[in-house]
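Since the structure comes first, as structure tokens, the remarks are kept for the end.
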Amino acid sequence: MKYLLPFEKSLKPLYKELEEKKKNWETTNNIEEKIQQELKKIYNNLTAYQIAQIARHPDRPNTTDYINALFEDFIELHGDKKSGDDPSIIAGMGSFKGTTVAVIGSRKGNTLKDMILCNHGMIKPEGFRKIARIVNLASTTFKSPIITFIDTPGAFVSKESEKKGQIEAVSEPILALFKAKVPIAAVIIGEGISLGALSMSIADKIIMLKYSFFSVISPEGGASILYNDRKKSEELASSLKFTAANLFNAGIVDKIVNEPIGGAHRNKEKVIKATGDAINNELETLLKENEKQLKTNRIEKYKKIGIYAD
Amino acid sequence: MKYLLPFEKSLKPLYKELEEKKKNWETTNNIEEKIQQELKKIYNNLTAYQIAQIARHPDRPNTTDYINALFEDFIELHGDKKSGDDPSIIAGMGSFKGTTVAVIGSRKGNTLKDMILCNHGMIKPEGFRKIARIVNLASTTFKSPIITFIDTPGAFVSKESEKKGQIEAVSEPILALFKAKVPIAAVIIGEGISLGALSMSIADKIIMLKYSFFSVISPEGGASILYNDRKKSEELASSLKFTAANLFNAGIVDKIVNEPIGGAHRNKEKVIKATGDAINNELETLLKENEKQLKTNRIEKYKKIGIYAD
Amino acid sequence: MDINIFRRKKKIVVSVLTEKKVKETPVRCQSCGNLIKYEDLKENLKVCPYCGYHFRMTISERINLIADSGTFSEIDTEIKTVDMLDFKDLLTYKERIKQTKKETGLDCAVITGKAKIGGFNTAVGVFAFEFIGGSLGSATGEKLTRLIEYAKKRKLPLIIVFSSGGERIQEGIYSLMQVAKTIQAVDSFKKSGGLFIPILTNPSYCGTAAIAMTGSIIIAEKGSSIGISGPRITKEVAKQNIPDKLKQAESLLQNGFLDIVVDRYLLKATIIQFLKHYNRRAI
Amino acid sequence: MDINIFRRKKKIVVSVLTEKKVKETPVRCQSCGNLIKYEDLKENLKVCPYCGYHFRMTISERINLIADSGTFSEIDTEIKTVDMLDFKDLLTYKERIKQTKKETGLDCAVITGKAKIGGFNTAVGVFAFEFIGGSLGSATGEKLTRLIEYAKKRKLPLIIVFSSGGERIQEGIYSLMQVAKTIQAVDSFKKSGGLFIPILTNPSYCGTAAIAMTGSIIIAEKGSSIGISGPRITKEVAKQNIPDKLKQAESLLQNGFLDIVVDRYLLKATIIQFLKHYNRRAI
Ligand SMILES: [Zn+2]
Ligand SMILES: [Zn+2]
């Protein structure tokens, strides 16, 4: 285990023991069993904020992992043809079970260098415009389903970004996705925050991993605004109702992909495969529908979202 | 006369005499007559390069002059909503003989400060994108005819411009104008060079002032490429066949607005009025046509341009 | 200038001055520091007579500013804000709605309706900053969407005055979704030939600013602060200092995102100008 | 590096190496300065074996590189370049056409036709830099337009290899108009669902580069110089020094204007990748 989350501290001595035993060629069955039990204890009682922490785990399978495992002949496309190329958005064409698809995802970067290059997954105006461009390409030219992978702390906030029109750019992918005459499946794989996540989430079907979250604001940002105190993040997280279970109940999310006890990073391969299956299931249904009807349904679906008295 | 062109040198002593006489309250009929005769002699035998010089005369009526004189309630719109606001392009909505129109023109600036701000009329990527935006606004929202005023040395060539995608931006107004479902009249009022001028010239009718020019390249630039010698500009100018008369004969230009002997800057008001009348004539005809047919005819017209053996 | 920035930083959520609150005491201008009698300020459209600083207007002041006298009639009044998440921060959201309603008499952060402006029929929406910072909740999004559809159906120009801190956190994901819903409604309205003129006033942040940015012609009031994030979030997430100036309407104009920045006393006349042109369409 | 720039500046119009010209003598690489036997260079797809510099290819080398062997068949061969303006610079245009034709065997700066690429049927256009710098004249524009319409009618993917200094000055306004004509044709093709992959090679300037920029997916060969103006015009009109690097494919990729920059030996494989995806469309 490279990195234990704060609420997993009780595992530390157990992992240490495990390594010790491995080193000494002793049997590990017993200790492994203990770890599983402890994990179960922890993961059966997760708070919303703990789920957010799992969603942000550095070893959690990320967009690049999903692309490498699920798509054949993936070829990355670059640039928005207007103002730049944002590495925090990876987009391109690939083959999914023999069908061409456009794949678009946010990327946080694996190495420190990549993380800086990708702004830790915060999307620049040129990133939003790249999404819109590839969506249009999929809809007009390749007539291919669109699959998005969402894992972003939101739109990048910086001098350069405000200058390049973050405020305008963010609506471009939203409009492009509404307009697209092809099936769209959005997959929330980690954190999905604010307009950054929204911009990739307009879809016919939203799939969400069990320990991911999708929120109007980060718990830290929300706490800073509402409590003027970042330390209230944990409290606010529960109020925000942002987990997969919450959103499935709210009818925002269509399908939850299960994760093992301990989170996706403890069994990447299995989770990625399950995600691929979930995408496949949704696409199979969507591909049967008429493309115009698809678009109309999508618009109607979003029009109905909201709870108010009348 | 603030500024005499090189080939008008013979007028200098006459103008001096005129001023002298005016100062002394003497009658000027005689000397004014002489000036007219000399002007006639010069203007009846203009070379192509001399016409280009008249077209670039700093006192020649410019886009702002036409807008002020011909349109009521003109209100300027700013920005391309993507990357900037280019002062070298003025665009907005106005009233032309009671009908709403979109007016788009290139602007060189009157004062030195303005000239620098407007890059002497050279268009930046955000300028091209502004044109496209206003064309779309006119076509989709205001359903109003579009009138363009062309007076530009071309696309701005600079580090910043290449970075912002001059090469991509230049096609945006071309595509928008082809797509527009409203009548378009382009008016070449001064110099019209290269892709900068082309981007505003896609129109149902092209009107051209007698002493303006419309060319694939500036005579200086062309001479520098073909002769490796800027001094051959005069020679090259004649080869380029870029005057109103040339282009009317070639079928590129639909209507020539006459200018007085001595050029538009010697009688601004009259020339501006004549230009307004020419625009009005063309629009009256165009407004009678079906908008879809208009667009089809426009595309067909451009498709036919070109001379080749087959 | 530095002093102003400092002052503004200290009170990030600037309240809206109402007669009830300040009729008796003079008001200190946030920008130049001068004391102004409330009556004088009100007379001057709530623009500081010393420096031109634009104070926030209440929703009724805003309607009076824009609509021809007595022509505004509200629609969709039955739509009301509710708490759907059992949300709680320093206060429960239920309590906050109750208090806000009591203070403002409003049920939602936006009032929508039809009005004449310069004699032209229009569909009008006005954000109430006094209703939880003009934030975008489900009721707000629903009223905006219905207004846009109302304008589309009746082929009316659509004017929306924005004054909003962004999404309503207390409504969680539902709030975020209102951004998408409203942007889509605007797009469909514009495609049908509709004219949408958003007026951005101080402040316009996050999702609501993004909605405004889809306007046909985008107007902002002088000095308005406009951006992807309000000051608190900016402080929370930006790795660098972002100068306040960059978020001012004047900078956005220069950077190509606004059509016009107007003084408040010219706002109505400017809107009428466009309504006139829209009304004189040839085709 | 500085040395290269200096060298390039001296010979602005770089000729295309043909067997006829240089078979006997070794070639000096413009970039690294090494001497290369012409046979070795040809073997290596005209890429410098020392530094990877991409030399220009002749039109037939280019067709051989991209099309499956023996599958290219030309269309619209009857369209030929003519002088319509009685144009004259150092040479009359008539004479220049005659000489160029004699040297290259070509009637126009572009060859168009159909070909298989990786087994997929495509419509293909290739610019001949050896024909008056690959410049865009009336015949060029007409052949491009017809090719685009050919692709549209037959629903074929469209691949055009650009290598052009820009508009053909000798054809005056007619040349400029070809930019508009071709861009319009591309747009109509794309709207019908067509896939247009432009390949920008060294150099691609002015109007022809603008045409290429309307591609669905835009590919450039490594090290290609691409920009709104070629070096002479840049020198003539730019008020500042524009670094060569800014016009290199690699910079354009970074600035968001290209999808992919490829080594020549990967060019065909990359095109095939997209043809495969295009062929596997679901709808
Ligand atoms: Zn003040
Ligand atoms: Zn070399």
So, the part of B/I174 with a heavy atom under 4.5 Å from chain D: the answer is side chain
Honestly, the part of B/K163 sitting under 4.5 Å from a heavy atom of chain D is both
So, the part of B/I217 with a heavy atom under 4.5 Å from chain D: the answer is side chain
Honestly, the part of B/I299 sitting under 4.5 Å from a heavy atom of chain D is side chain
Among B/I202, B/L175, B/V157, B/V170, the residue with the most heavy-atom pairs under 4.5 Å to chain D is B/V157
Okay, B/S224 and chain D: the region with an atom under 4.5 Å from a heavy atom over there is both
Turns out that what part of B/E235 lies under 4.5 Å from chain D's heavy atoms comes down to side chain
Cut-off 4.5 Å, heavy atoms of chain D, and the answer for B/K232 is neither
Okay, B/L195 and chain D: the region with an atom under 4.5 Å from a heavy atom over there is both
Heavy atoms of D/F257 and B/E162 approach each other most closely as CE1-O, 4.3 Å
Honestly, the part of D/R96 sitting under 4.5 Å from a heavy atom of chain B is neither
If you tally heavy-atom pairs under 4.5 Å between each of B/S171, B/S201, B/S215, B/S158 and chain D, the highest tally belongs to B/S158
Turns out that what part of D/Q254 lies under 4.5 Å from chain B's heavy atoms comes down to neither
Whatever's closer than 4.5 Å to a heavy atom in chain B on D/K143 counts as neither
Shortest non-hydrogen pair, D/M177 vs B/L198, comes out as SD-CD1, 4.0 Å
The interface call for D/E78 against chain B, heavy-atom contacts under 4.5 Å, is both
Turns out that what part of B/L247 lies under 4.5 Å from chain D's heavy atoms comes down to side chain
Ordered numerically, the heavy-atom neighbours of chain B under 4.5 Å found in residues 79-86 of chain D are D/I79, D/K80, D/V82, D/M84, D/L85, D/D86
Cut-off 4.5 Å, heavy atoms of chain D, and the answer for B/I252 is side chain
Between D/R232 and B/I225 the two heavy atoms that sit nearest each other are NH1-O, 2.8 Å
Max heavy-atom pairs within cutoff under 4.5 Å with chain B, candidates D/K247, D/M213, D/E167, D/Q184, goes to D/Q184
The interface call for D/F87 against chain B, heavy-atom contacts under 4.5 Å, is both
Open item on the list: What verdict does the side-chain contact (heavy atoms from CB on, under 4.5 Å) test give for D/R146 and B/D310, after you've listed the backbone C-alpha separation in whole Å, the side-chain angles of each residue and the deciding distance to 0.1 Å?
Closed with: CA-CA 13 Å; D/R146 290 198 191 180; B/D310 67 349; 3.6 Å; yes
Honestly, the part of B/A250 sitting under 4.5 Å from a heavy atom of chain D is both
Between D/N241 and B/K159 the two heavy atoms that sit nearest each other are O-CE, 3.7 Å
Heavy atoms of D/L90 and B/L226 approach each other most closely as CD1-O, 3.4 Å
Bottom line for B/F178: the part with an atom under 4.5 Å from chain D's heavy atoms is side chain
Looking only at B/K304, B/E220, B/R230, the option with the highest number of non-hydrogen pairs under 4.5 Å against chain D is B/R230
With chain B, the option among D/I233, D/N255, D/I169 that has the most non-hydrogen atom pairs under 4.5 Å is D/I169
When the 4.5 angstrom heavy-atom criterion is applied to D/I183 and chain B, the contacting part is both
